[in-house]
Protein chains: 2
Amino acid sequence: MFKEEQIIKICKQNKWRLTEPRLEVLRIISLSKNPIKAYDILKKLANKIKNPKPPTAYRAIQFWQKHKFIHRIESLNAYQACSHGHSHVGAQFLICDDCGKVIESNLHEIPEILKKSTENKTFKPLRWNLEINGLCNQCS
Amino acid sequence: MFKEEQIIKICKQNKWRLTEPRLEVLRIISLSKNPIKAYDILKKLANKIKNPKPPTAYRAIQFWQKHKFIHRIESLNAYQACSHGHSHVGAQFLICDDCGKVIESNLHEIPEILKKSTENKTFKPLRWNLEINGLCNQCS
DNA sequence: TATTAAATGTTATATTATTACATAAAAAAA
DNA sequence: TTTTTTTATGTAATAATATAACATTTAATA
Ligand SMILES: [Zn+2]
Ligand SMILES: [Zn+2]
Ligand SMILES: [Zn+2]
Ligand SMILES: [Zn+2]
């Protein structure tokens, strides 16, 4: 969704420091076809940075998560670039059990449903994550 | 939701072997107020079984997951007894960020929404997991 | 320039989960 | 019942995922 220049611009605007490990980690995640795991990010990072250690990868991951440019797919322990504009409270993913592809598909109806259900139950929702497993069109 | 006798009965009916580690692990999870982590299950299991090792806990967890008596709360790496009748394709959890309580709240509207969105996208959903973070009524 | 704040480098370790193989128990077949 | 097969467990080792702690560097700001 985001080109690198856009991200650089957004970071500058917000005075977020766009350091080398951060930029390289974002590139690695963005270029990955499917969600990528932290230690695979780390391996690829080794091509760009001398002998990187886990905290280097995890800190960069955390940075991009905090600013909503990437998502963590909880059921896969893996990370994927946001494809829906970098700031939504809820996320929805269609995960293909066969090929591992993950399609981000943020429905705006979901919040309404939540609102209803949670008003009744007096639970105040702040953010959510929906992971749907199944088969993509390629695989079914 | 389930009393132990019911579970024993269901296991017998289905010829699922209800061994000691399985039964003790189910009790530990059921008695836990909040979702409980695998290694905390293991610690409690040590009060019942001599020097249990991780596979003992994980195998029992897997057994109860397979038969849908417990859920894994993905964002917490923790397990909780199913409170909605042991066989639904989708699950929804309200997770309190403050006290850690998790309310299972399986809306039946959700599948309809999914159906629509996924028909368009030609993705065939098989199961799903929705985790909503926020504040429970006690904590807000 | 000096001071402070933020980020990184590095080592170690914590947490979560699985593999592999031997043994035991239960179910099924003979 | 005995034998055979299947399923489950015990145990040791290790894999996979993630964080803590502290020294050093880099950038922001005073
Ligand atoms: Zn997104
Ligand atoms: Zn697929
Ligand atoms: Zn349930
Ligand atoms: Zn609460």
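Within every chain, numbering begins at 1; the chains are lettered A, B, ... in the order of the sequence lines, protein sequences first and strands thereafter. Keep in mind it's a predicted model, so treat the numbers as computed, not measured.
Of the two residues near DNA chain C, Glu20(A) and Leu76(B), the one whose nearest nucleotide lies more 5' is Glu20(A). With DNA chain D read from its 5' end, the first of the two nearest nucleotides for Pro55(B) and Arg17(B) is the one closest to Arg17(B).
In this entry the distance linking CG of Leu45(A) with P of dT10(C) reads 13 Å, nearest Å. The distance from atom CD of Glu74(B) to atom C1' of dT15(C) is 16 Å, rounded to the nearest whole Å. Atoms CD (Gln62(A)) and P (dT8(C)) sit 12 Å apart, rounded to a whole Å. Atom-to-atom, CD of Gln65(A) to C1' of dT17(D) comes out at 13 Å; the value is rounded to the nearest Å. Rounded to whole Å, the distance from OH on Tyr79(A) to C1' on dT17(D) is 8 Å. For the pair Leu42(B) CG and dA12(D) P, the computed distance is 14 Å after rounding to whole Å. Remark: P of dT26(D) and CG of Leu18(A) are 17 Å apart, rounded to the nearest angstrom. Regarding Lys15(B), its NZ atom lies at a distance of 14 Å from the C1' atom of dT6(D), rounded to whole Å.
In summary, of the residues considered (Phe69(A), Tyr58(A), Trp16(A)), a ring pair (Phe, Tyr, Trp, His ring centres under 6.0 Å) with Trp64(A) occurs for Phe69(A) alone.
Residue ring and nucleobase are not stacked for Tyr58(A) and dT19(D) under a centre distance beneath 5.5 angstrom and an angle between planes beneath 30°.
Nearest to the side-chain atoms of Lys53(B) among the listed nucleotides dT10(C), dT19(D), dT11(D) stands dT11(D). For Arg59(A), the listed nucleotide lying nearest its side chain is dG9(C); candidates were dC21(C), dG9(C), dT16(C). Here the nucleotide nearest the side chain of Thr19(B), chosen from dA8(D), dG9(C), dT17(D), is dA8(D).
Between Phe93(A) and His71(A), the distance separating the two ring centers is shorter than 6.0 angstrom.
Using a 4.0 Å cut-off between a side-chain N of Lys or Arg and a carboxylate O of Asp or Glu, Asp40(B) and Lys43(B) qualify as a salt bridge. Classification of Arg127(B) and Asp97(A) as a salt-bridged pair holds, one side-chain N sitting under 4.0 Å from a carboxylate O.
Counting non-hydrogen atoms under 4.0 angstrom, Phe63(B) reaches nothing in the nucleic acid. Residue Arg22(A) is in sugar-phosphate contact alone, with no base atom involved, counting any heavy-atom pair closer than 4.0 Å across all strands shown. Among the atoms of the strands shown, only primed sugar atoms or phosphate atoms (P, OP1, OP2) are found under 4.0 Å from some heavy atom of Lys37(B).
Regarding contacts with the backbone of dG10(D), a side-chain N or O of Thr56(B) is found under 4.0 angstrom from either OP1 or OP2.
Here the side chains of Asn34(A) and Val102(A) are not in contact, with every heavy-atom distance at 4.5 Å or above.
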